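Below is one structure, written out as structure tokens, with a few remarks after it.
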Amino acid sequence: MAAVSEVQAILEQIRKVRQIRQYRPEPVPEDIVQQLLEIARWTGSSRNTQPWHFIVVDDREILRQLSQLRPPIHWLAGAPLGIAIVLNGQSEISEAYDEGRVTERLLIAAKLLGLGGGVAWYGDEAQEAEAKRILGIPPERTARSLVAIGYPLSARDPRPTPVSRGRKPLTELVSANRYGRPWPRAKS
């Protein structure tokens, strides 16, 4: 069992996972890509369906084409690697849940391996169809996103209209037992 200090250090790293949109140009080593794929493969899924297929994209031209699908993901062109998440397309609700789980696992694993990651959503149905065409994905499959991975150049949001940083306090986000009841509970 890990020492409390080791657990605290890991939790602190998980807390620091950020959406990275600027990467250094060097490629991600193959052994690290393999580790990321193993993390993805072992991610839990609804009813253990494992509804995913992963496309490792390290072709800069393909990443550039995907980045052109819509302006908010233009930053994708600068990523050295992407892992496209392709789902079976058989259960929209459970596969959306599974996609979220595997995406977050990839982002956390990237951080723990000294990398950064960012999620690029392709966009609406037409943009998703174009992403499928670019990646050779059959039309009946679901493909909404790609997780970019690389060595962070900056955590700054390079988009022209970045969102504000920081987090709301827990007192605004957490209730005790019923919505609207203050957390932490008052001492009696």
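This chain uses plain numbering: 1 for the first residue, then up along the sequence. Nothing here was measured: the structure is a model prediction, and the numbers come from that model.
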Can you name the nearest heavy-atom pair linking [X] to [Y], along with the distance?
{"X": "Ala176", "Y": "Pro182", "result": "CB-O, 3.5 Å"}
{"X": "Leu76", "Y": "Ser67", "result": "CB-CB, 3.8 Å"}
{"X": "Gly44", "Y": "Trp52", "result": "O-CH2, 3.5 Å"}
{"X": "Gly117", "Y": "Tyr23", "result": "C-OH, 3.5 Å"}
{"X": "Pro25", "Y": "Arg60", "result": "O-NH2, 3.0 Å"}
{"X": "Gly150", "Y": "Val28", "result": "CA-CG2, 3.9 Å"}

Donor-acceptor pair, distance only, cut-off 3.5 Å: does the side chain of [X] make one with the backbone of [Y]?
{"X": "Lys132", "Y": "Glu140", "value": "no"}
{"X": "Glu6", "Y": "Ala3", "value": "yes"}
{"X": "Ser175", "Y": "Gly180", "value": "yes"}
{"X": "Glu95", "Y": "Gly89", "value": "yes"}

Going hydrophobic residue to hydrophobic residue with side-chain gaps under 4.5 angstrom, can you get from [X] over to [Y]?
{"X": "Leu63", "Y": "Leu153", "result": "no"}
{"X": "Ile149", "Y": "Leu37", "result": "yes"}
{"X": "Ile39", "Y": "Ile83", "result": "no"}
{"X": "Tyr151", "Y": "Val57", "result": "no"}
{"X": "Ile32", "Y": "Val102", "result": "yes"}

[atom1]/[X] to [atom2]/[Y] distance, rounded to the nearest 0.5 angstrom?
{"X": "Ser145", "Y": "Glu99", "atom1": "OG", "atom2": "CD", "result": "4.0 Å"}
{"X": "Ile108", "Y": "Ile10", "atom1": "CD1", "atom2": "CD1", "result": "11.5 Å"}
{"X": "Leu113", "Y": "Lys111", "atom1": "CG", "atom2": "NZ", "result": "11.5 Å"}
{"X": "Asp98", "Y": "Asn88", "atom1": "CG", "atom2": "CG", "result": "9.5 Å"}
{"X": "Tyr122", "Y": "Glu128", "atom1": "OH", "atom2": "CD", "result": "8.5 Å"}
{"X": "Leu36", "Y": "Leu81", "atom1": "CG", "atom2": "CG", "result": "7.5 Å"}

Checking side-chain contact (heavy atoms from CB on, under 4.5 Å) for the pair Thr142/Ile85: CA distance, chi angles, key distance, verdict?
CA-CA 9 Å; Thr142 300; Ile85 301 169; over 6 Å; no

Just so I know, are the side chains of [X] and [Y] near enough to count as touching, which here means a heavy-atom distance under 4.5 Å?
{"X": "Trp121", "Y": "Gln127", "result": "no"}
{"X": "Pro51", "Y": "Ser45", "result": "yes"}
{"X": "Ile73", "Y": "Gln68", "result": "no"}
{"X": "Gln19", "Y": "Trp75", "result": "yes"}

Within a reach of under 6.0 Å around [atom1] of [X], are more than 12 heavy atoms found that belong to other residues, nucleotides or ligands?
{"X": "Glu92", "atom1": "CD", "value": "no"}
{"X": "Glu125", "atom1": "CD", "value": "no"}
{"X": "Ile93", "atom1": "CD1", "value": "no"}

Going by the rule salt bridge (Lys or Arg N to Asp or Glu O under 4.0 Å), which residues pair with Glu61 if we only count those two or more places apart in sequence or in a different chain?
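By the salt bridge (Lys or Arg N to Asp or Glu O under 4.0 Å) rule, Glu61 matches Arg64.
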
Output, in order, the C-alpha distance, side-chain angles, deciding distance and verdict of side-chain contact (heavy atoms from CB on, under 4.5 Å) for Leu87 and Arg144.
CA-CA 9 Å; Leu87 301 159; Arg144 293 181 282 247; 3.6 Å; yes

Begin with the C-alpha distance, continue with both residues' side-chain angles, and end with the deciding distance and a verdict on side-chain contact (heavy atoms from CB on, under 4.5 Å) for Leu69 and Glu130.
CA-CA 8 Å; Leu69 291 173; Glu130 180 59 11; 3.5 Å; yes

